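Just so you know, these numbers come straight off a predicted model, no measurement behind them. Below, chain A is the first sequence line, B the second, and so on; all start at residue 1. Side chains included, hydrogens not; waters and symmetry mates left out as well; all remaining heavy atoms used.
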Amino acid sequence: MNKYNHKKIEAKWQKFWLTKKTFFAKDFSRKLKKYVLVEFPYPSGAGLHMGHLRPYVAGDVYSRYHRMKGFETLFPIGWDAFGLPAENYAIKMGVHPSKTTETNIKNAKKQMLSWGLSFDFSREVNTTDPSYYKWTQWLFLQFFKKGLAYESTGVINWCPKDKTGLANEEVIDGKCERCGTTVEKKELRQWYLKITAYAEKLLEGLKNLPEWPEAVKLQQENWIGKKTGINITYNFDLKNNYVLLHGFKGTPDGIFFPSLKKELNKQGVKYQAPQLPNASEPTEEEQVSFVLQNCQFDENTILFGHSLGAVVAMKVLEKLPIKIAGLVLAGGFTEPRFKDRPRNYHAKFNWKFDFETIKNKAKSITVLSDPTDFAIPIEQGKILSQKLNGALIEQNGLKPHFTNEEEPLILNILLPQITCFTTRPDTNFGATFVVLGPEHPLLKDRNILGIEEKIWKEIEQYQKQAVEAADMDRTAENRKKTGVFTGLYCINTLNNFKMPLYVADYVLGNVGTGAVVGVPGHDKRDFEFAQVFKLEVKRVVQKNANDAGDITSLDQVQEDEGIMVNSDFLNGMDIHAATEKIMDYMVEKGYGKRVINYKLRDWVFSRQRYWGEPIPLIHCEDCGTVPVPEKDLPVKLPNVKKYEPTGTGESPLADIEKWVKTKCPKCKKLAWRETNTMPQWAGSSWYWLRYADSKNAKEFASLKKQKYWTPVDVYFGGMEHTTLHLLYSRFWNLFLYDQGLVSQSEPYAKRHPHGIVLGPDGEKMSKSRGNVVNPDDIVKTYGSDTLRMYELFLGPHEAMVSWNNKGVVGVRRFLDRVWGWVNEIAEAPHQKSAGRKVGRSEVGESEVKDTEKVERSLNRLIKKITEDIEAFRFNTCISAFMEFHNEVKDEFITLESVKKFLVLLYPFAPHISEELYQRIGKSKSQTTLQTASWPSFDPVMIIDKTVEIVLQINGRVKGKITAPSGSEETAVKELVMQLPAVKQALVGESVKRVIFVKDRLINLVI
RNA sequence: GCCUUGGUGGCGGAAUUGGUAUACGCACUAGGUUUAGGACCUAGCGAGGGUAACCUCUUGAGAGUUCGAGUCUCUCCCAAGGCACCA
């Protein structure tokens, strides 16, 4: 008999499948569809490893099974090929990343084929292919057009090694997800995708995913981090009055003016907000003299101007005879150079300013500049603050050019109030201080709060330290609390308590409002802070009657349960009820606002690297940021010689003048391309849609094909992508769904995560540990069928397992035995052979049948394999095959039954199954088992004729009896009573109770 | 600190969902076969006691519910993963 030569037969069948296109899926087939997806790999130089193998084999088994079950099954693959390694290799070796990528893809594909994976290679996609990233760019522009892709300057995570900005999701334990380098903070202009706008939908969507593991959903939920609470605003004691000047074509009842006036009224602050004359055709002469004649100024006046109103304000100050308290300019400018279009008034104003005079007329000067301003170039803010020696605050308006109905920044600057977010307003009766994070906008300039010069120096020093310390030290455990007292006090409106205002770095700038109200009695961090600065600690929550009195140590701080005390009208209430009551109360009284806070941050979407999709935007001096027209997509990556990241926050593309300089699509004037590229996660945020229609040159994927194939029925992948790719792609899909561009709101009906495969030593596989098991080595020695089966046999698919080099042989031995067994049957039909009874039934000999044992074992096996594949219990499938073979190897079995066994084995070990199937069929022409249909089982055949029934006395096993299956209690009891062991046990006792479980056990209670 | 999932032989892991704990595989022991090694075949293999049939104990620890608990409930310990001075 010939030996099981895995090399020969595996190569043979792999070639057969490829040439016959066995696994190509048909669009719009009449069959029910099944879309099985695995995460497409990054084609690295090191090739694919165990981490890839695990989900791929699971997906393969699942796909092959469903094809046999009669589903039109799509099991596609592609290449997520943008990314750092190819680029780093290019830097080192000078080989273009596209070349490296091409070679690596070729190798990875060879590996996939050698593992016998049934991918549909006709739909292969490659994220670095211009025909693919054309659509990545096109999709990005949909975000841009809806205002969900925006540019902003902010402190972001920066990897000093990869020299690029990172998204929050890419920072793991303070380190770069790619290279493990400790991440720094850097203030940079970046592109963002507004994922926060979808926070609620992303959260809600999870409820419609019953087939996702709870752990995955929970992790996304925690990452989104929804918190409901209340923003409480605390006031200072103010003596100021205000003069508010609106802009061009404006009125004192437009944009944010009403909300501003409302707030001033509420606090009883005096203000004047005149309608300036001829707002649509303004002249300097007319407007300035109007203000000087109609408005009253004194030393407590703060003069505010928005847009052209800022120009008027400066001109007013030039002529004003007295000195005032402050000047605040929002969206102001010094020359009539606008980004959008010229204004009719530019000739009616004198654009020379007497900055020295203006400077001397106001004690403090603040300039507010919006980087997203559509009209005023951002340099204007800088120029104004420099010339006037004033504080510059660059911050996005809620609408560009500060034109929203509410502009909190302006409100905050004019009326220095402090807003604190809290989920526990019930404890506010115990609030004794207020803390601002060092990044707080009120601390951008001394003038805003009017902090004393001496204290201000201290604060500046503290801020500098906090920024330098970065997140690493700042979040370190058990860190001693530090801070600086501002010399100011806020009023706790509930009890008029004067709360000292501190600056401290335990309050983080990007959490909540960046300011915290300190309740030292009921928050451990606040308590620690209070101890350092010897601040008052008040008890307002009591766990039980015993713990009244002062709180003097950390473990007495009661955080999350108890009854209210010392809290006026909340006394005696449970904290949860009290929270609700006080929120209603605060909202009603107008000093609180219910808010929902999310931990989720907007997605930093630009990278300062070469090997990524260019962001398809053009910057024009006159037209602003303009999208590249669809007909000009894709914006191809230029060929360059130098790939090095500059490290300055500019992409290497910025150096390629020929590429950067272009024409504005709108006005055709000279303009500049955006030089940042997209992050790794861009291409994978929509790839499953492309598989449905991978060749489409007109759309990213037609709705018709999407409707046939999507959603993905099962998505195999790693837990590590839960808050990265999995969240990002849900976001893209939800957005595209809202635009009517995709047919399903959720992309993946079912997610099945896998555990990682550890090395033989139980440690994570890594080159440095030397414990890497290369799947290709296993293929060489034992064959891919063995590799696949052993990988599944290791343990539950979702569990972490460690590879055992010795264990592999067990699976190989099993396949060897199967090989010998089936060959023997094929060669010696219908006769005793080598001491075994084998035979065939398909030659018209109706008397030839399986033995009862075979019949029962086979039916059980069919049931087991079918159910276990559906439930992803692949490891127990392998055991079941072995058990089956052990049971029937010496039994008389028909060829028909052997074939059924091979069909069951096929999804797991396809090569050997195909080969053996062909051998028993004795057919010369090759067909594939893939087209065979999945066997069904007869439930009656599963039941044993006789069963073992366990005898228990008082719940302890005392013996076993054999009885016909289905025996009733009386019959079994009679049988049992005859047993000597029972008779002995019953001497002097009587049976009080009998518990009977059919076909399983009888328990006598005596 | 909070959240999630786990803890079963020497090892990887099964257990019809409350009903014979340790299936299947590895390792190990003995025998057979082989020129030898490997491979293969047969038998054994949770721990303790007994010549033996058999007895006792055992699913991280302890308690509870039940005729009966690896499985349910409570407390604690340990491990992995996630979040984190998150207000």
Side-chain angles (χ1 to χ4, degrees), chain A residues 172-173 213-223 225 227 229 420-425 427 435 437 471 474-479 481 504-508 510-519 523-526 528-529 559-560 597-599 719-720 722-723 755-756 758 760 762 789-790 793-796 798-814 816-817 820 860 863-864 867 873 875-886 948-960 981 992-1006:
Chain A
I172 315 284
D173 286 332
E214 288 305 316
V216 174
K217 286 192 277 188
L218 205 71
Q219 214 170 300
Q220 288 209 349
E221 206 179 305
N222 289 341
W223 186 259
K227 256 172 292 196
C420 299
F421 175 73
T422 179
T423 54
R424 291 288 308 279
T427 60
V435 185
D471 277 5
R474 211 160 136 184
T475 58
E477 258 179 272
N478 298 329
R479 190 156 168 269
K481 298 279 180 293
D505 66 1
Y506 84 94
V507 174
L508 305 175
N510 57 359
V511 177
T513 57
V516 161
V517 53
V519 184
D523 183 292
K524 296 201 162 156
R525 294 151 305 173
D526 292 345
E528 285 168 0
F529 189 78
E559 283 190 326
D560 47 20
N597 250 319
Y598 299 93
K599 189 176 86 78
M719 210 57 196
E720 70 275 15
T722 301
T723 52
I756 52 172
L758 304 171
M789 283 188 85
Y790 183 63
F793 188 51
L794 274 171
E798 58 282 358
M800 197 190 274
V801 290
S802 51
W803 186 269
N804 180 345
N805 280 321
K806 282 188 177 157
V808 198
V809 302
V811 169
R812 170 65 195 213
R813 280 177 200 155
F814 165 72
D816 273 326
R817 282 193 285 259
R860 280 186 182 163
K863 180 171 192 281
K864 174 88 179 152
E867 288 174 357
R873 288 191 298 255
N875 54 329
T876 49
C877 288
I878 314 298
S879 305
F881 282 124
M882 292 170 170
E883 247 169 296
F884 172 79
H885 180 255
N886 290 345
E948 250 187 11
I949 294 177
V950 173
L951 162 68
Q952 292 183 347
I953 294 175
N954 289 337
R956 315 209 62 159
V957 181
K958 290 291 169 184
K960 290 154 204 176
K992 285 183 193 129
R993 201 177 148 191
V994 178
I995 287 121
F996 178 75
V997 182
K998 203 181 226 175
D999 290 346
R1000 195 137 298 163
L1001 82 117
I1002 182 160
N1003 184 9
L1004 307 175
V1005 186
I1006 54 177

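The closest donor-acceptor contact from the side chain of Arg424(A) to the backbone of Glu559(A) lies under 3.5 Å.
Under the 4.5 Å side-chain criterion, counting only non-hydrogen atoms from C-beta, Met719(A) is in contact with Gln219(A). Between Val811(A) and Met882(A) there is a side-chain heavy-atom pair separated by less than 4.5 Å.
A straight line from CZ of Arg525(A) to C1' of C86(B) spans 7 Å, rounded to a whole angstrom. In this entry the distance linking CZ of Arg860(A) with P of A23(B) reads 17 Å, nearest Å. Nucleotide U20(B) holds its P atom 18 Å from the NZ atom of Lys998(A), rounded to whole Å. Between the CD1 atom of Ile1002(A) and the P atom of G68(B) there is a distance of 17 Å, rounded to whole Å. Here C67(B) presents its P atom at 7 Å from CD1 of Ile995(A), a figure rounded to the nearest Å. A80(B) atom P lies 17 Å from atom CD of Gln219(A), rounded to whole Å. For the pair Leu508(A) CG and C85(B) P, the computed distance is 6 Å after rounding to whole Å. In this structure, Arg812(A) places its CZ atom 16 Å from C1' of G25(B), rounding to the nearest Å.
Applying the Watson-Crick and G-U wobble criteria (two distances, each under 3.5 Å), C86(B) pairs with nothing in any strand. Figure legend. U51(B) is base-paired to no nucleotide; pairs are counted as Watson-Crick or G-U wobble with both atom distances under 3.5 Å. In this structure A79(B) sits in a base pair with U5(B), meeting the Watson-Crick or G-U test at under 3.5 Å. Across the strands present, A27(B) finds no partner; the criterion is a Watson-Crick or G-U wobble pair with both atom distances under 3.5 angstrom. U71(B) makes up no base pair with any nucleotide shown, lacking Watson-Crick or G-U wobble contacts both under 3.5 Å. Remark: U66(B) base-pairs with no nucleotide; criterion is Watson-Crick or G-U wobble with both hydrogen-bond distances under 3.5 Å. Using the Watson-Crick or G-U wobble rule with both distances under 3.5 Å, G18(B) pairs with nothing in any strand shown. In this entry C40(B) has G32(B) as its Watson-Crick or G-U wobble partner, both defining distances falling under 3.5 Å.
Distance noted for atom P between C11(B) and A27(B): 15 Å (whole Å). Nucleotides A21(B) and U59(B) have their C1' atoms positioned 8 Å apart, rounded to a whole Å. On the P atoms, U4(B) is 13 Å away from U73(B), given to the nearest whole Å. Separation of the P atoms belonging to G81(B) and C28(B) is 32 Å when rounded to the nearest angstrom. On the C1' atoms, C76(B) is 35 Å away from C26(B), given to the nearest whole Å. With both ends at atom P, the span from U22(B) to A14(B) equals 15 Å, rounded to whole Å. Rounded to whole Å, the P atom of C57(B) lies 40 Å from the corresponding atom of C40(B). The separation of G7(B) from G70(B), taken at their C1' atoms, amounts to 11 Å, rounded to a whole angstrom.
Nearest heavy-atom pair across Asn222(A) and Lys599(A) is O-CE, 3.5 Å.
Mapped onto RNA chain B by nearest heavy atom, Ala515(A) and Leu218(A) fall at different nucleotides, with Leu218(A) at the one closer to the 5' end. Position along RNA chain B of the nearest nucleotide to Met882(A) versus Val801(A) favours Val801(A) as the more 5'-ward residue.
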### Task
Could you give me the CA-CA distance, side-chain angles and deciding distance for Phe814(A) and Met789(A), then say whether side chain to side chain contact (heavy atoms under 4.5 Å, CB included) is met?
CA-CA 10 Å; Phe814(A) 165 72; Met789(A) 283 188 85; 3.9 Å; yes
### Query
Between Glu528(A) and Tyr506(A), is a side chain to side chain contact (heavy atoms under 4.5 Å, CB included) present by the stated rule, with each step listed?
CA-CA 11 Å; Glu528(A) 285 168 0; Tyr506(A) 84 94; over 6 Å; no
### Task
Carefully, step by step, assess Lys217(A) and Glu214(A) under the rule side chain to side chain contact (heavy atoms under 4.5 Å, CB included).
CA-CA 5 Å; Lys217(A) 286 192 277 188; Glu214(A) 288 305 316; 3.4 Å; yes
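Taking only distance into account, the side chain of Gln952(A) meets the base of G19(B) through a donor-acceptor pair shorter than 3.5 Å. No hydrogens or angles were tested; on distance alone, nothing pairs the side chain of Lys992(A) with the base of C67(B) as donor and acceptor under 3.5 Å. For Asn222(A) and C83(B), a side-chain-to-base donor-acceptor distance below 3.5 Å is absent, hydrogens and geometry of angles not being considered.
Taking every side-chain heavy atom of Thr876(A) into account, A15(B) is the closest of A15(B), C67(B), A87(B). Of the listed nucleotides (C67(B), C85(B), A14(B)), A14(B) has the atom at the smallest distance from the side chain of Asn875(A). With A14(B), G12(B), C86(B) as the candidates, the nucleotide lying closest to the side chain of Phe793(A) is G12(B). Distances were taken from every side-chain heavy atom of Asn804(A) (C-beta onward) to each of U20(B), A87(B), C26(B); the shortest belongs to C26(B). For Ser879(A), counting side-chain heavy atoms from C-beta on, the closest listed nucleotide (A14(B), U16(B), A23(B)) is A23(B). Looking at the side chain of Phe421(A), the nearest of the listed nucleotides G19(B), A87(B), U4(B) is A87(B).
Here Asn1003(A) lies in heavy-atom contact (under 4.0 Å) with a base. Note on Met719(A): nothing from the nucleic acid sits closer than 4.0 angstrom, heavy atoms only. Across all strands shown, Lys806(A) has heavy atoms under 4.0 Å from sugar-phosphate atoms exclusively, and none from any base. Across all strands shown, Leu794(A) has heavy atoms under 4.0 Å from sugar-phosphate atoms exclusively, and none from any base.
Between Lys599(A) and A84(B) there is a side-chain polar atom (N or O) within less than 4.0 angstrom of OP1 or OP2. OP1 or OP2 of G25(B) has at least one side-chain nitrogen or oxygen of Asn886(A) nearer than 4.0 Å.
Of the listed residues (Thr513(A), Val517(A), Val516(A)), just one forms a side-chain contact (heavy atoms from CB on, under 4.5 Å) with Phe421(A), and that residue is Thr513(A).
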Pairs under 3.5 Å (N/O, protein and nucleotides 37-42 of chain B):
{"residue": "C40(B)", "atom": "OP1", "partner": "Arg813(A)", "partner atom": "NE", "Å": "2.9"}
{"residue": "C40(B)", "atom": "OP2", "partner": "Arg813(A)", "partner atom": "NE", "Å": "3.3"}
{"residue": "C41(B)", "atom": "OP1", "partner": "Arg817(A)", "partner atom": "NH1", "Å": "3.4"}

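With its glycosidic angle more than 90° from 0, G44(B) adopts the anti conformation. In this structure, U17(B) is classed as syn because its glycosidic torsion stays within 90° of zero.
With sequence neighbours left out, Val808(A) forms a side-chain contact (heavy atoms from CB on, under 4.5 Å) with Ile778(A), Tyr782(A), Thr786(A), Tyr790(A), Trp803(A). Checked against side-chain contact (heavy atoms from CB on, under 4.5 Å), Val994(A) has the following partners two or more places apart in sequence or in another chain: Glu969(A), Lys973(A), Val991(A), Ile1002(A), Leu1004(A).
The OG1 atom of Thr422(A) lies 10.5 Å from the NZ atom of Lys227(A); values are rounded to the nearest 0.5 Å.
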